Amino acid sequence: MHILLTNDDGIYAPGLRALQEELRALGRVTVVAPATEQSAVGHSITLLTPLIVQPIFDADGSPLGWAVEGKPADCVKLALVELLEETPDLVVSGINAGSNVGINVLYSGTVAAAIEGAFFGITSIAVSLEYRDPLHLDFQEAARLARDLIGQLAAKFTGSGQLFNINIPSLDQGPPKGLRIVPQGVVRYREQFQRRTDPRGRVYFWSMPGLVPLESRPDTDVTALAEGYITVTPLHFDLTDYRRLETLQRELGG
Ligand code: MN
């Protein structure tokens, strides 16, 4: 099996390296990832600047892949259209530092990279690790857990072009309680910005981390992750609301 590995935290992020090591047990791994962090860029692509690409080598001199001065979706496009000599069997994106559940799935560069893989008809998996303390993320253990799950998904779904979103709970309270297959939560978060003043007296804002959902519908990725379970959510990228499609066709005669 040939796996294309990418992320949105950048090619030197520890989450990507940990997952790369573990995925080698499943097959050959080629990394094509952003040269710098691209968290929360969603499904952005680069049109107005060049996509500079540099080959990257491991400490032992073996080829690791390519660093791209672009977005996560750019990386997957370039990998599949230009850089890889063959179509990979699987696209994996992660491990992201921080969970991607609820509406954050829509902001996530990690998930967007996996969506891009699925656009090409390749089975694609996003992997994210929740954290309470950003300095203590156990990517090694998370990568081991992710590898087992990715192996199971790959065995069943390689070639199907399906899209999956995996989230691993914060590991500082002990191992996960188990696995839950759950839908994406869609509640809004309580948004917070910190207001500051710069040395020249201008007001600026920082978007604050640690957002709290305004309400929690039970049995979603948001609640199951908070309860300490690994979550898997099957995703699709067709945004059509099929329940309203026929009604609208009747009402407008389209
Ligand atoms: Mn990120």
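Read the numbers this way: they start at 1 and go in the same order the structure lists the ligands and their atoms. Everything numeric in this text was worked out from a predicted model, so none of it was measured.
- For the Mn ion (ligand 1), the nearest N, O or S atom contributed by Asp9 is named OD1.
- The atom of Asp8 that is an N, O or S and sits closest to the Mn ion (ligand 1) is OD1.
- Side-chain atoms of Asp8 and Thr110 include a donor-acceptor pair closer than 3.5 Å.
- Distance check for Asn96 against the Mn ion (ligand 1): an N/O/S atom falls below 2.8 Å.
- A salt bridge links Lys77 to Glu116: at least one charged side-chain nitrogen sits closer than 4.0 Å to a carboxylate oxygen.
- More than 12 heavy atoms of other shown residues, nucleotides or ligands fall within 6.0 angstrom of atom CZ in Phe120.
- When the shell of 6.0 Å around CZ of Arg188 is examined, it contains 12 or fewer heavy atoms from other residues, nucleotides or ligands.
- Among the atoms of Asn7, no N, O or S atom falls under 2.8 Å of the Mn ion (ligand 1).
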